[in-house]
Amino acid sequence: MKRNKNWLVVILSGLAILFSITAVIISLSNTQNPDNAFFGWIVATLTSMVLLLIGWQIYTFIDVKNRLDNIEKNVDVKVKGLSKLSADIQERALINDGHSENAISRVYLNLISPKENQEYPFRFLLHSLLAMTHYNITGKYDLCNQITDIAITTIDDYSGFCLTEAQKNILISRTNGMMYPDRIGRLVELRQKIINIEGI
């Protein structure tokens, strides 16, 4: 399409040159009257100038058009690259957040004991669910399933797990807020175990 337009411009430019040369020849051939000869030269000179200006404008138009096309292509490539880079950065940030939350949950898991602070079980489950949320968004369902298995095993192993109703509601709202709950195998079971945890 662009080549056809360029050829059209070349053809029209050639026709303009041909008509200008014809006008110069006609004006020079009618030089019987000296007064007319002067005006013929003026017309021929003006026609030549107009020809040069039109040719220059056409050349400039083609050059600017080609440069703009190249700039547009470069911008499109860079925008696509930046979009991909931005998506990669967002995904990495979510995965890193998931790793951080998972590490924090492991710290609270190690602190859980029946005689110690009752805040630890809640913190362990909260950070586990936060890690699952980040992994769920990025499609790391295998990690979500691992965290779910650890949380269920921990709830089963520690009979001293106690939560307030407010804590339970926070945790249940986190389980309900998962984007793709059907891809986390035991999420419903984890939700039920949280509901069944003894209240304080």
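In what follows, residues are counted from 1 in the order of the sequence shown.
Summarising the geometry, atom NZ belonging to K73 is positioned 12.0 Å from atom CG belonging to L68; distances are rounded to the nearest 0.5 Å. For the atom pair I194 CD1 and L163 CG, the distance stands at 8.0 Å (nearest 0.5 Å). To the nearest 0.5 Å, atom OG1 of residue T175 and atom NZ of residue K193 are 14.5 Å apart. Atom CD1 in I195 sits 10.5 Å away from atom CG in L171 (nearest 0.5 Å). In this structure, N74 CG and N70 CG are separated by 6.5 Å, a value rounded to the nearest 0.5 Å. The distance from the OH atom of Y135 to the CD1 atom of I95 is 8.0 Å, given to the nearest 0.5 Å.
In the hydrophobic clustering of this structure, Y141 does not group with I150; members are Ile, Leu, Val, Met, Phe, Trp, Tyr whose side-chain heavy atoms approach within less than 4.5 Å, directly or through other members. Connection of I71 to V79 is established within a shared hydrophobic cluster, with ILVMFWY side chains joined at heavy-atom distances below 4.5 Å, either directly or through further cluster members. Follow the hydrophobic side-chain contacts under 4.5 Å out from Y59 and you never reach I62; the two are in separate clusters. I89 and L94 fall into different hydrophobic clusters, where Ile, Leu, Val, Met, Phe, Trp and Tyr side chains are chained together by heavy-atom contacts under 4.5 Å. Under the 4.5 Å side-chain heavy-atom criterion for grouping Ile, Leu, Val, Met, Phe, Trp and Tyr, I172 is connected to I152 within one hydrophobic cluster.
Taking every heavy atom of both residues into account, S173 and I170 meet most closely at OG-O, 2.7 Å. Across all their heavy atoms, M178 and I184 have their closest contact at SD-CD1, 4.2 Å.
No donor-acceptor pair under 3.5 Å is formed between the side chain of S86 and the backbone N or O of S83. Of the possible donor and acceptor atoms, one in the side chain of K168 sits under 3.5 Å from a partner among the backbone N and O of I197. Using modelled atom types, no side-chain atom of Y180 and backbone atom of G139 make a donor-acceptor pair closer than 3.5 Å. Side-chain atoms of N196 come within 3.5 Å of backbone N or O of Q192 as a donor-acceptor pair. In this structure, Q90 contributes its side chain and A87 its backbone to no donor-acceptor pair below 3.5 Å.
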Pair up each side-chain donor or acceptor in residues 121-134 with any protein partner under 3.5 Å, not counting sequence neighbours, and list the distances.
unit_1 : atom_1 : unit_2 : atom_2 : d
R123   : NE     : E119   : OE2    : 3.2
R123   : NH2    : E119   : OE2    : 3.3
H127   : ND1    : E101   : OE1    : 2.5
S128   : OG     : F124   : O      : 2.8
T133   : OG1    : L129   : O      : 2.8

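A salt bridge is defined here as a Lys NZ or Arg NE, NH1 or NH2 lying under 4.0 Å from an Asp or Glu carboxylate O, and R67 with D63 meets this definition. Comment: D69 engages K65 in a salt bridge, judged by a side-chain N to carboxylate O separation of less than 4.0 angstrom.
Contact check for R186 versus D149: side-chain heavy atoms found under the 4.5 Å cut-off.
A donor-acceptor contact closer than 3.5 angstrom links the side chains of N176 and R191.
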Q167 and N169: side chain to side chain contact (heavy atoms under 4.5 Å, CB included), yes or no, with the steps?
CA-CA 5 Å; Q167 291 172 335; N169 290 336; over 6 Å; no

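The local environment of CZ in R174 is sparse, with at most 12 non-hydrogen atoms from other residues, nucleotides or ligands closer than 6.0 Å.
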